[in-house]
Undergrad: 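Let me give you the structure first, and then I'll get to my questions.
Each ligand, and each atom within it, is numbered from 1 in the order the structure gives.
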Amino acid sequence: MGRKLIAGIDIGSYAVKVAAFTASRPSTFKMARSSHPHALYALGMAELFPPGTDPETTEPGDDLIVDAIERAVVDSGMEKVSKAVIGVTGQAVTVRFVQMPRMTERELHDAVLMQADQLLPFDKETVVMDPQIIETADSSDDEMIRVLLVAARRNEIEKRIELVNRAGFDVLAVDVDAFAALSCFVSDVEGESEENLALVNMGSRVTSINIVRGGSSLFHRDFNIGGSHLTKAVEEKFGVGFALAEALKTQHGVLSEEEAVEQGEEDRNPEVGDAMMPVLQDIAREIRRSFSYYEHQMYDRGVDRMVLTGGAAMLRGLRLFLAKELETQVDIGDPTARIPMSPDLSPEKIATFGPGYTVAIGLAGWK
Ligand SMILES: Nc1ncnc2c1ncn2[C@@H]1O[C@H](COP(=O)(O)OP(=O)(O)OP(=O)(O)O)[C@@H](O)[C@H]1O
Ligand SMILES: [Mg+2]
């Protein structure tokens with residue numbers, strides 16, 4: 001195997017996830033249509049908090065984060081990787097879609113800088129901005145262009161870089177979690193596709209929604225509900241501590257009766273699902289609201305299919321629950337489905353936390 005290159009490091013509020021590709025081209029491809037030139041060979045994760053700590057109420061200190069990065073790297077088995085691409089998310093990031101008169105990418109940077117005060121809720125001196133022109137098949141002749149403007153707070157980025165440096169990595173680039181996740185499912189291959197695909201990444205505190213068509217992101221929104229809120233609901237209903245609630249949630253999920261029978265589940269406990277139901281309904285409502293906005297306020301097209309990723313996508317029964325609630329096809333995203341895999345990587349990692357590695361894999365594949 002050749003020299004190893006870049007690590008993708010996803011520092012979440014619950015766990016740090018890392019991924020790395022080999023530098024050499026693989027001899028075997030898992031999928032013929034894969035456009036990725038390298039093989040994924042390392043995946044690792046480490047929870048930020050000692051067992052039993054409630055991530056909803058505790059802010060992880062710097063030492064805890066550095067330690068979790070180091071543990072995730074050890075878990076992944078990656079070697080001699082000294083460069084990293086990291087992600088930022090949540091409150092540190094603002095995403096805006098704006099209309100502007102047609103201009104070149106170059107002119108766009110100046111125009112955005114001039115108008116930053118109107119476009120962004122932050123002082124432009126405190127953010128890093130990245131405007132991109134979005135072309136869709138039906139927009140190329142228009143006089144106006146649609147611009148995706150991503151801005152991230154400079155101090156948050158610097159803070160993260162410092163922690164990653166302490167864990168032994170130089171940072172090559174910073175991306176936004178939700179956009180890094182896209183690259184696992186959308187590529188130039190889809191350039192012509194008319195499908196309206198929603199990619200929903202559900203983490204511990206944040207769920208982010210991206211709707212893409214023809215390879216471009218046309219809608220983005222985050223909301224602050226995720227896996228930790230489900231755990232909290234179980235905790236309150238059963239009067240147990242966080243660790244036990246987490247175990248109950250993972251074991252039982254929201255399996256419907258039919259699914260439980262199908263999966264040969266004998267000790268189905270519907271009370272766990274019932275406890276989480278109000279939170280699950282909130283999640284479904286927020287997603288539905290975004291889909292409806294996309295359809296009625298923006299593009300006159302509904303979402304055709306949704307792909308669910310993030311650690312919380314592992315919740316048993318969630319796929320079917322959301323498919324019914326949203327009346328849309330929902331698939332659990334496998335971020336490795338279209339990339340070549342090294343034989344060194346244990347399939348166990350994908351089986352136990354596959355969708356949870358989406359952002360890390362997207363970051364590691366940065367070009
Ligand atoms: N098998 C499982 N069943 C149900 N939930 C799971 C499972 N495995 C992990 N989770 C949940 O996934 C969540 C963590 O997901 P993830 O690692 O994507 O979050 P994060 O990136 O750390 O958080 P955020 O992006 O919100 O800051 C936790 O709430 C955890 O309980
Ligand atoms: Mg996350």
Undergrad: Among protein heavy atoms, which lies nearest atom 26 (O) of ligand 1, and at what distance?
TA: Arg205 N, 2.7 Å

Undergrad: Would you please test Lys159 and Glu156 for salt bridge (charged side-chain N to carboxylate O under 4.0 Å, His left out) and show each step?
TA: CA-CA 5 Å; Lys159 175 89 192 298; Glu156 290 288 332; over 6 Å; no

Undergrad: Would you say Glu348 has more than 12 foreign heavy atoms packed within less than 6.0 Å of its CD?
TA: no

Undergrad: Under 4.0 Å from any heavy atom of Glu246, which atoms of ligand 1 are there?
TA: 30 (C), 31 (O)

Undergrad: Counting non-hydrogen protein atoms only, what is the nearest one to atom 25 (O) of ligand 1? Give residue, atom name and distance.
TA: Gly203 CA, 4.1 Å

Undergrad: If you count heavy atoms of other groups shown closer than 6.0 angstrom to CD of Glu257, is the number above 12?
TA: no

Undergrad: Side-chain contact, heavy-atom cut-off 4.5 Å: Arg160 with Val171?
TA: no

Undergrad: Using a strict cut-off of 4.0 Å, indicate which atoms of ligand 1 neighbour a heavy atom of Gly227.
TA: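 What qualifies from ligand 1 is 29 (O).
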
Undergrad: Taking NZ, NE, NH1 and NH2 as the nitrogens, is one of them in Arg316 or Glu259 under 4.0 Å from a carboxylate oxygen of the other?
TA: no

Undergrad: Taking side chain to side chain contact (heavy atoms under 4.5 Å, CB included) as the criterion, tell me which of Leu244, Val254, Thr231 meets it with Lys249.
TA: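 Per the side chain to side chain contact (heavy atoms under 4.5 Å, CB included) rule, the option paired with Lys249 is Thr231, out of Leu244, Val254, Thr231.
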
Undergrad: Going by the closest heavy atom to atom 10 (N) of ligand 1, which one wins out of Gly253, Gly87, Gly311?
TA: Gly311

Undergrad: Specify the closest pair of heavy atoms between Val88 and Ala152, including all atoms of both residues, with the distance to one decimal.
TA: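 In this case the closest contact between Val88 and Ala152 is CG2-CB, 4.1 Å.
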
Undergrad: For Gln118, does the CD atom have more than 12 heavy-atom neighbours from other residues, nucleotides or ligands under 6.0 Å away?
TA: yes

Undergrad: Taking the inter-plane angle between the rings of Phe219 and Tyr294 on a 0 to 90° scale, is it parallel (under 30°), tilted (30 to 60°) or perpendicular (over 60°)?
TA: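 Judged by the thresholds at 30° and 60°, the geometry between Phe219 and Tyr294 is perpendicular.
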
Undergrad: Go through ligand 1 atom by atom and flag the ones less than 4.0 Å from a non-hydrogen atom of Leu315.
TA: 3 (N), 4 (C)

Undergrad: Using a 4.0 Å heavy-atom cut-off, which part of Lys17 comes near ligand 1: side chain, backbone, both, or neither?
TA: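 Lys17 to ligand 1: side-chain contact only, backbone stays beyond 4.0 Å.
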
Undergrad: Among all protein heavy atoms in this structure, tell me which lies nearest to atom 7 (C) of ligand 1, with the distance rounded to 0.1 Å.
TA: Met314 CB, 3.6 Å

Undergrad: Would you indicate whether Asp123, at its atom CG, is surrounded by more than 12 heavy atoms from other residues, nucleotides or ligands within a distance under 6.0 Å?
TA: yes

Undergrad: For ligand 1, which atoms sit closer than 4.0 Å to a heavy atom of Ser228?
TA: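 By the 4.0 Å cutoff, the relevant atoms are 29 (O).
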
Undergrad: So, does Gly226 sit close enough to ligand 1 that a heavy atom of it is under 4.0 Å from the ligand?
TA: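 For ligand 1, residue contact (heavy atoms, under 4.0 Å) with Gly226 is absent.
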
Undergrad: Check the pair Asp75, Arg71 against salt bridge (charged side-chain N to carboxylate O under 4.0 Å, His left out), reporting the backbone distance first and the verdict last.
TA: CA-CA 6 Å; Asp75 180 53; Arg71 282 183 289 119; over 6 Å; no

Undergrad: Which of the atoms of ligand 1 are close to Gly12, meaning less than 4.0 Å from one of its heavy atoms?
TA: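 Once the distances to Gly12 are compared, the set is 20 (P), 21 (O), 22 (O), 27 (O).
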
Undergrad: Got an N/O contact under 3.5 Å between Asp177 and ligand 1?
TA: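 Not met; the criterion fails.
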
Undergrad: Atoms of ligand 1 less than 4.0 Å from Ala15 heavy atoms?
TA: 22 (O)

Undergrad: What is the closest protein heavy atom to atom 23 (O) of ligand 1, and at what distance does it sit?
TA: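 The closest heavy atom on the protein side is Ser204 N, 3.0 Å.
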
Undergrad: Can you find a non-hydrogen atom of Gly356 under 4.0 Å from ligand 1?
TA: no

Undergrad: Taking everything shown except Met103 itself, do over 12 heavy atoms lie less than 6.0 Å from its CE?
TA: yes

Undergrad: For ligand 1, which atoms, with element, lie under 4.0 Å from some heavy atom of Thr250?
TA: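 Listed by number with element: 1 (N), 2 (C), 3 (N).
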
Undergrad: Can you sort out which atoms of ligand 1 are near Val206, meaning under 4.0 Å from one of its heavy atoms?
TA: 26 (O)

Undergrad: Mind listing the closest non-hydrogen atom pair of Gly311 and Phe353 along with its distance?
TA: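 Heavy atoms only, the tightest pair is CA-CE1, 3.6 Å.
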
Undergrad: Under a 4.0 Å heavy-atom limit, does Lys249 contact ligand 1 with its side chain, its backbone, both, or neither?
TA: side chain

Undergrad: Nearest protein heavy atom to atom 14 (C) of ligand 1, by residue and atom, and its distance?
TA: Tyr14 CD2, 3.6 Å

Undergrad: Is there a nitrogen or oxygen of Ala312 sitting under 3.5 Å from a nitrogen or oxygen of ligand 1?
TA: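 Yes; the residue has a nitrogen or oxygen that sits under 3.5 Å from a nitrogen or oxygen of the ligand.
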
Undergrad: Which one holds for Ser13 and ligand 1: side chain close, backbone close, both close, or neither close, with close meaning a heavy atom under 4.0 Å?
TA: both

